[in-house]
Amino acid sequence: MKNNEKARIDLLKEVEGITKEMLHKKPGEDQWSINQIIEHLYLMEISIVRSMEKELVNARKTTVDDKPIHLTVNRKYKVLHPRLYSRAKHFNH
């Protein structure tokens with residue numbers, strides 16, 4: 001949550017002082033304006049928080065083993081993945 005808060009503060013600092021014209025200008029026809037991106041982030045955050053609230057209210061207490069999630073961004077380590085995410089045999093060459 002602290003990372004999200006910092007990212008939000010950093011984003012608001014970045015757009016502080018930007019004119020309305022700049023906020024609403026789309027760099028290309030099929031690209032979003034700064035304002036659309038910020039609105040998307042806002043709506044996603046609301047959706048995620050609502051989902052979290054719902055899960056917390058209805059949650060069952062369970063325990064899970066620690067997972068080395070931090071290794072997913074470190075290309076030096078290979079981590080076994082669940083079979084579900086294995087490529088189909090016909091893709092292996």
Side-chain angles (χ1 to χ4, degrees):
M1 294 304 276
K2 288 181 183 180
N3 288 342
N4 287 346
E5 186 175 341
K6 183 183 178 328
R8 188 181 312 110
I9 290 168
D10 290 347
L11 174 64
L12 293 174
K13 284 180 186 176
E14 285 292 322
V15 298
E16 189 175 326
I18 291 180
T19 65
K20 281 186 179 183
E21 181 180 278
M22 289 173 66
L23 277 174
H24 295 284
K25 183 178 181 183
K26 295 170 82 174
E29 191 171 314
D30 61 343
Q31 295 178 315
W32 287 7
S33 68
I34 295 170
N35 191 63
Q36 288 173 311
I37 293 168
I38 293 171
E39 180 182 28
H40 171 74
L41 294 172
Y42 169 75
L43 293 173
M44 288 303 302
E45 190 169 311
I46 287 174
S47 175
I48 291 167
V49 168
R50 285 182 182 157
S51 293
M52 289 171 62
E53 288 173 340
K54 181 180 173 185
E55 288 301 317
L56 289 171
V57 167
N58 299 319
R60 298 179 308 235
K61 187 171 182 169
T62 58
T63 56
V64 295
D65 295 331
D66 286 338
K67 305 284 186 223
I69 295 171
H70 62 283
L71 295 177
T72 60
V73 294
N74 187 336
R75 302 256 181 208
K76 292 181 182 178
Y77 299 98
K78 297 290 183 188
V79 179
L80 294 177
H81 52 77
R83 187 178 178 122
L84 171 66
Y85 299 108
S86 297
R87 294 189 303 172
K89 287 181 184 177
H90 62 276
F91 286 117
N92 293 331
H93 297 279

ask   = What is the minimum heavy-atom distance between Q36 and S33, and which atoms define it?
value = OE1-N, 2.8 Å
note = For W32, the hydrophobic cluster (side chain heavy atoms closer than 4.5 Å, chained through members) also holds L11, V15, I18, M22, L23, I34, I37, I38, L41
query = Which residue pairs pass the side-chain hydrogen bond (donor to acceptor under 3.5 Å, both in side chains) test with at least one member in residues 46-55, sequence neighbours excluded?
reply = none
query = Apart from I9 itself, which Ile, Leu, Val, Met, Phe, Trp or Tyr residues share its cluster (side-chain heavy atoms under 4.5 Å, direct or through members)?
reply = none
request  = May I have all residue pairs that pass salt bridge (charged side-chain N to carboxylate O under 4.0 Å, His left out) and include part of residues 26-46, sequence neighbours excluded?
outcome  = R8-E45
task = If a pair satisfies side-chain hydrogen bond (donor to acceptor under 3.5 Å, both in side chains) and one of its residues is in residues 9-22, list it, with sequence neighbours excluded.
result = K6-D10
ask   = Any ring-ring contact (aromatic ring centres under 6.0 Å, His included) pairs touching residues 3-31, not counting sequence neighbours?
value = none
